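Just so it is clear, the structure is predicted and the values come from calculations on it, not from any experiment.
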Amino acid sequence: MDEIKGTFTKVIAIIESAKKNAYRKVNEELINMYWRVGQFISEEAKTASYGDSFIDELSRYIQDTFPGIKGFNRRGLYRMKQFYEAYANYEKVSPLVTQINWTNNLLILSGTKSIEEKEFYLRLCIQENYSKRELERQLDSAYYERYMLSKGKALPEGIKKINNNPFFDSYVVEFLDLPNPYRENDLRKALILKMRDFILELGRDFTFIDEEYKVQVGGEDYAIDYSDSLIIPILAQAA
């Protein structure tokens with residue numbers, strides 16, 4: 001029976017792979033549609049026929065043609081225009097936008113200033129497969145600025161792996177809600193309760209093993225305490 005189930009898991013893997021591919025294709029087509037609509041509006045804006053009521057009229061026409069369609073109100077159409085204009089002149093960056101969902105694209109569009117910062121978050125979002133919440137947290141904590149300060153240089157062109165060195169000079173742990181002042185035990189408890197957020201701040205090159213990870217050096221037992229990076233000896237008798 002176990003052997004049969006092991007064979008069946010291969011079919012499940014095929015189904016899951018197909019579902020993921022289908023989702024990626026649908027998302028790519030959706031983003032391309034928003035891009036083309038934004039391009040149309042942007043180009044129309046350059047003509048004399050473009051007026052303040054143009055987008056309102058376009059929105060009403062779309063709603064009449066496709067009753068109940070979402071995202072094509074005045075605000076949504078302006079976002080598509082801004083989206084296209086933000087990346088239209090950057091051939092190396094524009095292909096990245098189809099690899100993340102529309103919600104995350106909008107977060108990056110509104111939460112960044114330079115094209116370099118946009119590229120950073122696009123690549124990070126693709127690399128780490130961020131949810132909306134995770135991306136919001138990185139934007140709000142100025143992850144890009146902290147990365148640049150830690151590395152001491154601008155983002156390399158055509159970067160493929162952002163966290164080559166996963167350690168930053170500083171970390172933002174406001175989510176721990178520590179008292180002021182706080183003690184080591186307060187930090188330890190907070191890290192355990194908020195471990196998911198703490199790992200997100202460190203980056204996905206890290207994982208949580210245990211509160212104290214036991215190692216043996218020179219025949220003596222030690223426990224690495226992650227909360228303060230100290231190696232604390234363990235009495236052999238207590239092992």
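Between Tyr143 and Met148, every side-chain heavy-atom pair lies at or beyond the 4.5 Å cut-off. Within the 4.5 Å cutoff, no side-chain heavy atoms of Phe120 are placed close to those of Ile115. Proximity of Ile14 to Lys10: side-chain heavy atoms (C-beta onward) are nowhere separated by under 4.5 Å. Thr103 is not listed as a side-chain neighbour of Leu135, based on a closest heavy-atom distance of 4.5 Å or more. Taking the side chain as every heavy atom from C-beta outward, Met80 and Leu77 approach each other to under 4.5 Å. Within the 4.5 Å cutoff, the side chain of Gln39 has heavy atoms near those of the Glu43 side chain. Residues Lys118 and Val93 form no side-chain contact, since every pair of their non-hydrogen atoms from C-beta on lies 4.5 Å or further apart. Contact annotation: the side chain of Leu139 approaches that of Thr112 to within less than 4.5 Å [non-hydrogen atoms, C-beta and beyond].
Separation of the Tyr34 and Phe83 ring centroids does not fall under the 6.0 Å cut-off.
Taking hydrophobic clusters as Ile, Leu, Val, Met, Phe, Trp and Tyr residues chained together by side-chain heavy-atom distances below 4.5 Å, Val26 does not share a cluster with Val97. Transitive grouping of hydrophobic side chains (ILVMFWY, heavy atoms separated by less than 4.5 Å) keeps Tyr23 and Ile100 in distinct clusters. A continuous path of hydrophobic side-chain contacts links Phe72 to Phe66 [ILVMFWY only; heavy atoms under 4.5 Å].
The two residues Ser94 and Tyr87 have their closest heavy-atom pair at CB-O, 3.8 Å. The shortest non-hydrogen separation linking Leu109 to Gln82 is CD1-O, 4.1 Å.
Formation of a donor-acceptor pair under 3.5 Å by the Ser59 side chain with backbone atoms of Ile55 is not found in this model. Between the side chain of Ser53 and the main chain of Asp56, no donor-acceptor pair closer than 3.5 Å is present. Checked by atom type and distance alone, the side chain of Arg24 never pairs as donor or acceptor with a backbone atom of Thr98 at under 3.5 Å. Not a single donor-acceptor pair under 3.5 Å links the side chain of Ser42 to the backbone N or O of Gly38. Using modelled atom types, no side-chain atom of Asn104 and backbone atom of Cys125 make a donor-acceptor pair closer than 3.5 Å. When atom types are taken as modelled, the side chain of Glu134 and the backbone of Ser131 share a donor-acceptor pair closer than 3.5 angstrom.
The aromatic rings of Phe40 and Phe54 lie tilted to each other, with the angle between the two planes from 30° to 60°.
Taking the charged nitrogens against the carboxylate oxygens, Glu119 and Arg123 do have a contact shorter than 4.0 Å, which makes a salt bridge. Salt-bridge annotation for Lys81 and Glu85: present, with a side-chain N of the basic residue lying under 4.0 Å from a carboxylate O of the acidic one.
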Apply salt bridge (charged side-chain N to carboxylate O under 4.0 Å, His left out) to Glu16 and Lys20, showing your working. CA-CA 6 Å; Glu16 290 179 342; Lys20 289 179 181 178; 5.6 Å; no
Steps toward side chain to side chain donor-acceptor pair (under 3.5 Å) verdict (Gln138, Tyr130): CA-CA 10 Å; Gln138 302 297 50; Tyr130 278 153; 2.9 Å; yes
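Atom CG of residue Asn129 and atom CG of residue Leu124 lie 11.0 Å apart, to the nearest 0.5 angstrom. Between atom CD of residue Glu28 and atom CE of residue Met33 there is a gap of 13.0 Å, rounded to the nearest 0.5 Å. For the atom pair CD1 of Ile31 and CD of Gln99, the computed distance is 11.0 Å after rounding to the nearest 0.5 Å. For the atom pair Arg133 CZ and Leu107 CG, the distance stands at 13.5 Å (nearest 0.5 Å). Going from atom OG1 of Thr65 over to atom CZ of Arg60 covers 12.5 Å, rounded to the nearest 0.5 Å.
Counting heavy atoms of neighbouring residues, nucleotides and ligands inside a 6.0 Å radius, atom OH of Tyr61 does not exceed 12 of them. Heavy-atom neighbours of Glu145 CD from other residues, nucleotides or ligands within 6.0 Å: above the threshold of 12.
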